[in-house]
Number of protein chains: 2
Amino acid sequence: MKIVVDIGACDDPSEVTRGSALALQDDKSLELVLCGNKDELNKTLSLYNLDENRLQIVDAKDVITNLDVPTVAIRHKTESSLVKAFDVLKNDDVVGLISAGNTGAVLSGGVLRLGRIKGIHRPALAPILPTVNGKEVCLIDSGANVDCRPEFLVEFALMGVSYMKAVFGLENPKVGLVSNGVEDKKGNELVKETALRLKELPINFVGNMEARDALSGNYDVLVCDGFVGNVLLKSIEGTASMVIKTLKSAIMSDGLSKFGALFMKKAFSTVKSSMNYQNKGGAPLLGVEKIIVKAHGASNSDAIKVAINQVKKMHEGNLIANIKNGLSSLTANENN
Amino acid sequence: MKIVVDIGACDDPSEVTRGSALALQDDKSLELVLCGNKDELNKTLSLYNLDENRLQIVDAKDVITNLDVPTVAIRHKTESSLVKAFDVLKNDDVVGLISAGNTGAVLSGGVLRLGRIKGIHRPALAPILPTVNGKEVCLIDSGANVDCRPEFLVEFALMGVSYMKAVFGLENPKVGLVSNGVEDKKGNELVKETALRLKELPINFVGNMEARDALSGNYDVLVCDGFVGNVLLKSIEGTASMVIKTLKSAIMSDGLSKFGALFMKKAFSTVKSSMNYQNKGGAPLLGVEKIIVKAHGASNSDAIKVAINQVKKMHEGNLIANIKNGLSSLTANENN
């Protein structure tokens, strides 16, 4: 299985390289194409004992940074690592792309250089979040589309369902529509119209859900527009970090608590690890013709390794075919 | 100072009564009018030694529940405790109203039975949240208006600023616009248009902010539409509760951690108390002609006491006059 990795502008590109090297060492069925500055790549890769038959480097002298305008950069920065990675992705034997770079450019590349799946108006970002009961929940859209129409959200729901079936093996994923209350009458205009349409589809739509239950484990797919999804995702991050900071400072300001904390290393590390969504890989961009995973800009080598494994699981689960299949219920519905 | 309290439908009306009694005992300058079932009120109040000159009971045989349609109930349930409370609020000597009942009915009552401040299109809910550095931040709107136009958000910003000045004594509150990124180009259409308008006003508008920084203490007022505000508020609640649950179960599953936790009671209680936003009172409904505070439906007597004190502080800070004054910059701007 061949995957292309963009080693472009992110917090630490060498971590992306290292993660790729570790993945190659671990998984003998894996082939990687790395796009980036050849000299720097070779410097990092020389530290690993790698099977050169499964590794290809595409030299790219340019990068797309967060300062670039995504649509402009993806059209014109043809020497950038990301555009070169999209070129590689076009080859039949390459199943997916990973980038820790400019999110907007990854989205634009997905649409402009790869192409949308027929029937999808807007591809969406669909990260997996940890829940209180250890299950995963997919949030779609977490930020690709800030202004949405009901048909976009309906497509997000169908893609989220296909994703949870294909990759996590769920039989009938429970879909909740993010709203300001669980009652049918709740929601803004977008949510109310979307709810009516979701009820017509052959999916397990359980209705409106409240943001306080996002991590409850009671839902498998959370559907919302990308603006709301971004607020939800980031407030989860911010609050988790605030609670932990508050606890740390409370411990440090009380001698007895400080003593007690010495015995609690294991519990703290369990919490830290269950809150660390880098463990869950990156955010797949669903709705394009191949697998694309946007890794966090601050990804370390472990997170990249997880993201590579995630692409593999998505491919093995026939994700793209499943999404196309899931959309057929929509067409059937429209034809009625 | 006279305040009216609706003892209607909430999780435990007797807690609202008890909170009112405690407030009366503590503050000799306070007068309360309690609207609710007279017999039940008297049963609870008889347990306290109260100055009857400062306490008035308005008997109400009916209640507005969460099953009622707010606008219909507030017009037609004239024997309900909430409608009677709004009648009391009309008296010149009554400065504010507190209710732990149906949020929509409190909003409708504010508009239909009390009246909006001239220049305000839509009153908004503005709860105070705790932050990581111990400062308060005001979130406006947290759920009153799910579909908004830019002019509503501009008014929310001005009201939030007046509130933080009047009640918390801030000189120049920092206003952030909730968005999907801090850069100017981020935001949905509503946010982009609102940002342009906020820049024109004589307030300390610092631009877009991300939900992950909501509790950072870097902002004094967070502005957003009521749908987004509701998602933000509830995901903060849900995540804080998830982190704490995860920590608890991690502690229980490790003997050493369980031992350590015995010494950490103080630290845990500090965290619990700093996360407990009942300490911060209820959510004021800003933009109506008098002070209205919507307390949480699950309020205990302490939370009600805090809410009563909050009304007092809002009145002493001349909140309504300050809001009216804050709106003048908008009119000045429109006249230019």
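In what follows, chains are A, B, ... by sequence order, proteins preceding strands, each numbered from 1. Predicted, not measured: the structure shown is a model, and the values here were computed from it.
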inquiry  = Is B/N133 in contact with chain A via its backbone, its side chain, both, or neither, using a 4.5 Å heavy-atom distance?
reply    = neither
ask   = What part of B/A214 is in contact with chain A, defined as an atom under 4.5 angstrom from a non-hydrogen atom: side chain, backbone, both or neither?
value = neither
Check: A/M164 main-chain N/O paired with A/D220 side-chain donor or acceptor under 3.5 Å = no
query = Going by the ring pair (Phe, Tyr, Trp, His ring centres under 6.0 Å) test, which pairs reach into residues 221-261 of chain B, not counting sequence neighbours?
reply = A/F263-B/F259, B/F259-B/F263
ask   = If you count heavy-atom pairs under 4.5 Å with chain A, which of B/S253, B/G104, B/S179, B/G181 comes out on top?
value = B/S179
query = Just checking heavy atoms, which of residues 139-155 of chain B are less than 4.5 Å from chain A?
reply = B/V146, B/D147
query = Tell me, side chain or backbone of A/I236 under 4.5 Å from chain B's heavy atoms, or both, or neither?
reply = both
message = Test side chain to side chain contact (heavy atoms under 4.5 Å, CB included) on B/L107 and B/V111; report intermediate values, then the result.
response = CA-CA 6 Å; B/L107 304 182; B/V111 173; 5.9 Å; no
task = Flag yes if more than 12 heavy atoms outside B/K135 fall under 6.0 Å of its NZ atom; otherwise flag no.
result = yes
message = What's the separation between atom CD1 in B/I64 and atom CD1 in B/I74, rounded to the nearest 0.5 Å?
response = 4.0 Å
query = Is chain A contacted by the side chain of B/L262, its backbone, both, or neither, given a heavy-atom distance below 4.5 Å?
reply = neither
query = Using a cut-off of under 4.5 Å for heavy-atom pairs, which of A/K258, A/M264, A/K186 has the most such pairs with chain B?
reply = A/M264
message = Quick check: closest heavy atoms across B/V228 and B/V178, and the distance to 0.1 Å?
response = CG1-CG1, 4.1 Å
task = Report yes or no: does B/K234 contribute a side-chain atom to a donor-acceptor pair with the main-chain N or O of B/G229 at less than 3.5 Å?
result = no
From NZ (A/K77) to OG1 (A/T65), nearest 0.5 Å = 5.5 Å
key: Leading residue by heavy atom contact count with chain A [cutoff under 4.5 Å; candidates B/N180, B/V132, B/N230]   = B/N180
For the student: nearest non-hydrogen atoms of A/V206 and A/K174, plus distance = CG1-CE, 3.9 Å
remark   = Checked B/G238, B/C224, B/S241, B/G226 vs chain A; the most non-hydrogen pairs under 4.5 Å come from B/G238
query = Who wins among A/G134, A/G187, A/G255 for the most heavy-atom pairs under 4.5 Å with chain B?
reply = A/G187
query = If we ignore angles and hydrogens, is there a donor and acceptor under 3.5 Å between the side chains of A/S235 and B/S235?
reply = yes
ask   = Taking only residues two or more places apart in sequence, or in another chain, which ones meet A/E136 in a side chain to side chain donor-acceptor pair (under 3.5 Å)?
value = A/K280
task = Can you run down the salt bridge (charged side-chain N to carboxylate O under 4.0 Å, His left out) pairs that involve residues 238-250 of chain B, sequence neighbours left out, and say none if there aren't any?
result = none
ask   = Which region of B/K185, side chain (C-beta onward) or backbone (N, CA, C, O), has a non-hydrogen atom less than 4.5 Å from a non-hydrogen atom of chain A, or is it both or neither?
value = side chain
ask   = Using a cut-off of under 4.5 Å for heavy-atom pairs, which of A/L256, A/T131, A/N188 has the most such pairs with chain B?
value = A/N188
task = Would you mind telling me which of B/T246, B/L190, B/D213, B/V191 has the largest number of heavy-atom pairs within less than 4.5 Å of chain A?
result = B/T246
